[in-house]
Chemist: 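Questions regarding the structure given below will be posed in turn.
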Amino acid sequence: MSAATGPVVVVGGGVVGLCTAYYLAAAGVPVEVVERRQLGSGVSRGNAGWVCLSHSTPVPAPGVVRYALRSLGRPDSPLYLRPLPDAGFVRWLWRFWRSSTPAVFRRGYAAVAELNRDTFGLFDGLREAGVDTTLTRPGMVHAFLSPAEARHHLAIQREMADGHYPVPDDITTGDAARLLDEALSPGVRAAYLVEGEGVVDPEAFARALGDALAASGVKIHENAEVTGFRTAGGRVTALRTTDSERPCSAVVVAAGMRSAPLLGLLGHHLPLQAGKGYSFSVDLDPAPRHTLYFGERRAVASPIGGTTRIGGTMELSGNNNRLDWRRIVAVALASRHYLGRWFDDPDDLVGLIRDPWVGGRPFLPDGLPVIDRVPGHDNAFAATGHGMLGVTLGPVTGHRLAEYVVTGRRPEALVPFGFDRLRR
């Protein structure tokens, strides 16, 4: 990184932005963080908290478009597509479809697996440095209502794992399946455990990163909206916010869905769409000890902060954060197939659940993040589009991108996540 006036400014106070700021500061670089609300208040707040290898895959997989088309008019579907009268949305869907071929999916999966190689080691390093990551590694139980579906899923997963993470030899069936986690109901007829998969409290993790940054002297500006950039000679020299202008030596845009309009101010169009996810918390007895994946219904459950967070669905309905209560009900009903009748009537949910949440997870049409230098700007970088993998990939994204910012040389692991692929 060439000498210039001001710190590196990271725009975005979610897990990805905070991890990037952390590794920049650890390299001795002056850093500031600018967040338009509070740290960890966006998609980092209400997600399932998974730190996992077995589900680190691009969303546009073979067959997913056909599945999405069947969801039209069905707001209770795990993958819900609501067409919009928007040419940009149609183009995005077309590119999404083009990315769902087996060859493209496998390339994307391999790229994420390679990036993920150091994930748990980096979490260990953060903990050893005093960051309370809240990470535990109870493993993930994949639960199914059908043994045939479980075997099909395990066969695909074993093929894709290719030695990157341990996969069991076979499934557990019948009454023994629910013994893998006592929270599972008798309706679960097949299951298998992927050992070592982790979970964090994502909001607490973001706060811990913020505390570590503040303790190291990093300035954090909350409730500060970036409204523009000052540039000269192909470099960003300052950021404009609602109340000031901040000089910088470099800028990293890691602002989730807000990254698209910010990068637009730098003259670069980024085709981000919000893949809306829903979650809520509930006290269950017995509560899950593992993270749980409900195979047929594509819902999840995580033990977080002494309670159970249940989440699911992928809703493509435009870039908004409107909470559709029908989707909350759909996730709850889906979970009941695997966790038993923890509620009797959907009307009971209002009194049973806490923190109903919707978040617009940022997706690019090929399902991969962009982690790269912004074309046309020597000192502007972007880290966004992580979709459902922001917590899992946060530390490795921050570590690799900080290396890129400091040295000016793009790490090999980041090559598949460049801007250039989006122009093809």
Side-chain angles (χ1 to χ4, degrees), residues 1-14 16-36 88 115 218-219 221 224-272 362 364-366 368-386 397-424:
M1 186 176 68
S2 60
T5 302
V8 176
V9 177
V10 176
V11 183
V16 171
L18 292 171
C19 285
T20 304
Y22 177 89
Y23 288 111
L24 284 167
V29 176
V31 184
E32 294 187 11
V33 176
V34 177
E35 163 58 43
R36 71 187 184 111
L115 186 63
V218 172
K219 292 183 179 179
H221 309 278
E225 179 91 27
V226 175
T227 59
F229 303 93
R230 178 156 51 87
T231 62
R235 296 180 63 83
V236 177
T237 59
L239 287 79
R240 299 187 182 94
T241 65
T242 47
D243 59 358
S244 66
E245 185 170 286
R246 305 180 190 281
C248 65
S249 59
V251 62
V252 176
V253 177
M257 285 303 303
R258 281 285 299 160
S259 300
L262 290 172
L263 292 169
L265 296 174
L266 293 173
H268 192 85
H269 171 68
L270 193 66
L272 278 179
L364 289 159
D366 63 357
L368 301 180
V370 62
I371 313 167
D372 197 9
R373 193 197 307 265
V374 179
H377 296 82
D378 292 341
N379 66 336
F381 299 81
T384 189
H386 289 74
T397 294
H399 186 259
R400 292 297 190 184
L401 188 56
E403 179 186 344
Y404 194 179
V405 174
V406 171
T407 67
R409 297 186 299 273
R410 180 165 66 173
E412 187 68 24
L414 295 187
V415 171
F417 307 101
F419 278 98
D420 55 344
R421 77 182 201 272
L422 299 171
R423 296 197 294 268
R424 295 170 191 157

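Atom set for the values below is all heavy atoms of this structure, side chains included, hydrogens, waters and symmetry mates excluded.
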Chemist: CG/L265 to OG1/T227 distance, rounded to the nearest 0.5 angstrom?
Modeler: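 The distance works out to 8.0 Å.
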
Chemist: Measure across P271 and L364 and return the closest heavy-atom pair with its distance rounded to 0.1 Å.
Modeler: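 Closest pair (atom of P271, atom of L364, distance): O-CD2, 3.5 Å.
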
Chemist: Would you give the length of the straight line joining atom CG of L263 to atom CZ of R258, rounded to the nearest 0.5 angstrom?
Modeler: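 Atom-to-atom, L263:CG and R258:CZ are 10.5 Å apart.
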
Chemist: Are the side chain of S249 and the backbone of G6 linked by a donor-acceptor contact shorter than 3.5 Å?
Modeler: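 Present.
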
Chemist: Are the side chains of V16 and I371 in touch, meaning some heavy atoms are under 4.5 Å apart?
Modeler: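 They are not in side-chain contact.
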
Chemist: Evaluate side-chain contact (heavy atoms from CB on, under 4.5 Å) for M257 paired with L272, printing each intermediate quantity in order.
Modeler: CA-CA 7 Å; M257 285 303 303; L272 278 179; 4.1 Å; yes

Chemist: Quick one: does R373's side chain have a donor or acceptor within less than 3.5 Å of a partner on G408's backbone?
Modeler: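 It does hold such a pair.
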
Chemist: One thing to verify: whether E412 and R400 come together as a salt bridge, which I'm taking to mean a side-chain N less than 4.0 angstrom from a carboxylate O.
Modeler: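 Not counted as a salt bridge, because no side-chain N and carboxylate O are separated by less than 4.0 Å.
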
Chemist: Starting at SG of C248, measure out to CG of N379 and round the result to the nearest 0.5 Å.
Modeler: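 Rounded to the nearest 0.5 Å, the SG-CG separation comes to 6.0 Å.
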
Chemist: Please give me the minimum heavy-atom distance between V34 and A224, naming the atom from each residue.
Modeler: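 That would be CG1-O, 3.4 Å.
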
Chemist: Between T231 (side chain only) and G234 (backbone N and O only), is there a donor and an acceptor less than 3.5 Å apart?
Modeler: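 Not at all, since once roles are kept as given, no pair shorter than 3.5 Å links the two residues.
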
Chemist: Within the 3.5 Å criterion, strictly below it, is a donor on E35 or H221 matched to an acceptor on the partner's side chain?
Modeler: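 H221 and E35 do not have a side-chain donor-acceptor pair below 3.5 Å.
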
Chemist: Under a 3.5 Å distance rule, please check whether R421 uses its side chain to pair with a backbone N or O of G418 as donor and acceptor.
Modeler: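 Answer holds: yes.
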
Chemist: I want to check something: taking the side chain as every heavy atom from C-beta on, are L270 and V370 in contact at a cut-off of under 4.5 Å?
Modeler: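 Touching, per the 4.5 Å side-chain cut-off.
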
Chemist: Over all heavy atoms of both residues, which pair between V31 and A21 is shortest? Give the atoms and the distance, please.
Modeler: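 Closest approach of V31 to A21, heavy atoms only: CG1-CB, 3.9 Å.
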
Chemist: Does D378 reach the main-chain N or O of R235 with its side chain, forming a donor-acceptor pair under 3.5 Å?
Modeler: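 No; judged by distance alone, with no hydrogens or angles, the pair does not exist.
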
Chemist: List the atom of G13, the atom of V33, and the distance in Å for their closest heavy-atom pair.
Modeler: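 What the structure gives for the nearest pair is CA-CG1, 4.4 Å.
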
Chemist: Looking only at heavy atoms, what is the nearest atom pair of G398 and T20, with distance?
Modeler: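 Shortest heavy-atom contact: CA-OG1, 3.4 Å.
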
Chemist: Atom NE2 in H399, atom CG in L24: separation rounded to 0.5 Å?
Modeler: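 The CG atom of L24 is 11.0 Å from NE2 of H399, to the nearest 0.5 Å.
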
Chemist: Using a 4.5 Å cut-off on heavy atoms from C-beta on, say whether the side chain of V236 contacts that of R230.
Modeler: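 No, too far: nothing below the 4.5 Å cut-off.
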
Chemist: Is V8 close to V252 at the side-chain level, that is, under 4.5 Å between some pair of heavy atoms?
Modeler: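 Touching, per the 4.5 Å side-chain cut-off.
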
Chemist: Working note: V11 + L239, criterion side-chain contact (heavy atoms from CB on, under 4.5 Å); need CA distance, chi angles, decisive distance, verdict.
Modeler: CA-CA 10 Å; V11 183; L239 287 79; 3.4 Å; yes

Chemist: To the nearest 0.5 Å, what is the distance between CZ (F381) and CG (D372)?
Modeler: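 Here the interatomic distance stands at 8.5 Å.
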
Chemist: So how far is it from T397 OG1 to H386 NE2, rounded to the nearest 0.5 Å?
Modeler: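 It comes to 3.0 Å.
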
Chemist: Work out which heavy atom in P411 is nearest to a heavy atom in Y404; give both atom names and the distance.
Modeler: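 Here P411 and Y404 meet closest at CD-CB, 3.8 Å.
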
Chemist: Short question: side chain of T384, backbone of G256 - any donor-acceptor pair under 3.5 Å?
Modeler: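 Here the side-chain-to-backbone pair exists.
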
Chemist: Are the side chain of R240 and the backbone of F229 linked by a donor-acceptor contact shorter than 3.5 Å?
Modeler: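 Yes; at least one donor-acceptor contact below 3.5 Å.
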
